[in-house]
Amino acid sequence: MSDFLDSTEETRPASAEDGSPRHHRAKGEPRFPDGPQADPAGSHFERRIRSFQPRRSRVTTGQADALQRLWPKWGLDIDGRRTLDLAELFGADVPVVLEIGFGMGEATAQMAADDQGTGILAVDVHTPGQGNLLNLAERNSLTNIRVANGDAIILLREMLPPDSLNGLRVFFPDPWPKKRHHKRRLIQPDFLDLAATRLAPGALVHCATDWEPYAEQMLEVLSAHPAFENTRPDGGFAPRPEFRPLTRFEGQGLDKGHVVNDLLFRRVQHRDQHAPGD
């Protein structure tokens, strides 16, 4: 699923950041025994075209420490075998927003700090980012973040009750720019069918991308879906709202002339829709 998938690979023999020798793992020993699983859903669900691509990159000592210490408290694996009790995770009457793909977690942590009355269920498969977001949550005393590891589709379909989410955020998803890969893009009619069953009426769907062709496709697909309505009276893109932080990487892209488009759609009153398997 991510950079900890290969459990047979030993850690580098170089010293850790604090100068102590790195631990050498035996063959088959999990990289983070108390952290996220390598493939939480395993083979329990059908294979399908996935909208994410696992990335392998180095986990720092601080990130690894956060994964070991904080995962049992603030992390969860998307195994598809249980229904989450969001009131138990975040507290009763706390509105919960699902964020799919959070990178290194800086924007997620900032939004959690700015709105501590909202719970953020943040999903990604990038292990360094998971560790970094846990670090940021602890450092800033953010108790309204939970980090989920695995496939967001399985989370939505198998583990979240109907009407349980007050928002959905998809910021800078993989644009899959090659035409033959467009089927891998996350924002598709089938995905919106599923998401609509888990979003309460009035929930805000907020997407952002710096890939203009993908932005146009998102706008077309969301505008055509009967469960969502554009919050823009002109039916177009929205200015970046103040609650979405401008990240350093986004700023660098803007300096290079990149165009970032935000889309803000709202879940309309329910129609007779049901998620697959309901």
Side-chain angles (χ1 to χ4, degrees), residues 51-52 90 94-124 126 129-130 132-137 139-148 152 155-156 165-175 185-187 191-192 195-196 198-200 202-223 225 228-267:
S51 60
F52 59 87
F90 292 97
V94 174
V96 176
V97 171
L98 175 65
E99 182 176 0
I100 300 178
F102 55 79
M104 294 305 290
E106 293 94 343
T108 305
Q110 184 62 58
M111 288 186 289
D114 292 342
D115 182 10
Q116 298 192 35
T118 295
I120 300 179
L121 179 56
V123 183
D124 211 308
H126 188 221
Q130 293 169 347
N132 197 59
L133 180 53
L134 289 170
N135 255 336
L136 291 170
R139 187 183 311 157
N140 295 286
S141 301
L142 302 175
T143 59
N144 57 329
I145 294 175
R146 298 294 180 271
V147 180
L155 174 67
L156 280 164
L165 296 174
N166 286 76
L168 172 65
R169 295 168 181 166
V170 183
F171 299 153
F172 304 99
D174 193 328
R185 290 175 172 176
L186 180 63
I187 306 302
F191 171 75
L192 295 179
R198 303 310 186 227
L199 291 163
L204 190 68
V205 176
H206 184 186
C207 303
T209 181
D210 59 352
W211 194 263
E212 291 186 80
Y214 194 12
E216 295 288 348
Q217 178 190 328
M218 287 182 179
L219 182 61
E220 179 182 350
V221 172
L222 278 161
S223 298
H225 200 285
F228 301 98
E229 62 182 6
N230 199 333
T231 62
R232 292 284 296 175
D234 62 3
F237 298 111
R240 178 180 65 86
E242 291 186 1
F243 62 80
R244 183 176 74 77
L246 180 68
T247 66
R248 177 169 55 90
F249 293 105
E250 182 181 355
Q252 290 173 349
L254 292 172
D255 289 342
K256 296 176 182 177
H258 296 181
V259 175
V260 176
N261 286 299
D262 284 75
L263 301 93
L264 293 169
F265 279 71
R266 198 169 301 281
R267 174 70 167 100

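Residue indices begin at 1 and follow the sequence shown.
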[X] side, atom [atom1]; [Y] side, atom [atom2] - distance, nearest 0.5 Å:
X: R198; Y: L165; atom1: CZ; atom2: CG; answer: 9.0 Å
X: L246; Y: L254; atom1: CG; atom2: CG; answer: 6.0 Å
X: H126; Y: M104; atom1: NE2; atom2: CE; answer: 6.5 Å
X: L98; Y: R169; atom1: CG; atom2: CZ; answer: 10.0 Å
X: I120; Y: E99; atom1: CD1; atom2: CD; answer: 6.5 Å

Return the minimal non-hydrogen interatomic distance between [X] and [Y], and the atom names on each side.
X: I187; Y: Q217; value: O-NE2, 3.5 Å
X: P241; Y: L264; value: CG-CD1, 4.3 Å
X: L121; Y: F90; value: N-CZ, 4.0 Å
X: F102; Y: V147; value: CZ-CG1, 3.9 Å
X: P239; Y: D262; value: O-CB, 4.3 Å
X: G117; Y: V94; value: O-CG1, 3.7 Å

Is E229 atom CD crowded by more than 12 heavy atoms from other residues, nucleotides or ligands, each under 6.0 Å away?
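Counting other residues, nucleotides and ligands, CD of E229 exceeds 12 neighbours.
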Does atom CD of E242 have more than 12 heavy-atom neighbours, drawn from other residues, nucleotides or ligands, at distances under 6.0 Å?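 Not more than 12 within 6.0 Å, no.
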Check: What's the verdict on side chain to side chain contact (heavy atoms under 4.5 Å, CB included) for E106 and T247, showing C-alpha distance, side-chain angles and the deciding distance?
Finding: CA-CA 8 Å; E106 293 94 343; T247 66; 5.7 Å; no
### Task
Check whether any side-chain N or O of Q130 sits under 3.5 Å from a backbone N or O of D124 as a donor-acceptor pair, and report yes or no.
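Flag set: sc Q130 to bb D124 pair under 3.5 Å.
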Q. Are the side chains of L136 and L142 in touch, meaning some heavy atoms are under 4.5 Å apart?
A.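 A side-chain contact under 4.5 Å is absent here.
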May I ask you to test the F243-D115 pair for a side-chain heavy-atom distance under 4.5 Å?
->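 The answer is no, as the side chains (C-beta and beyond) never meet within the 4.5 Å cut-off.
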(Q) Could you check whether H206 and F171 have their ring centres less than 6.0 Å apart? (A)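 For F171 and H206, the ring centres are under 6.0 Å apart.
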Open item on the list: Test side chain to side chain contact (heavy atoms under 4.5 Å, CB included) on N230 and F237; report intermediate values, then the result.
Closed with: CA-CA 9 Å; N230 199 333; F237 298 111; over 6 Å; no
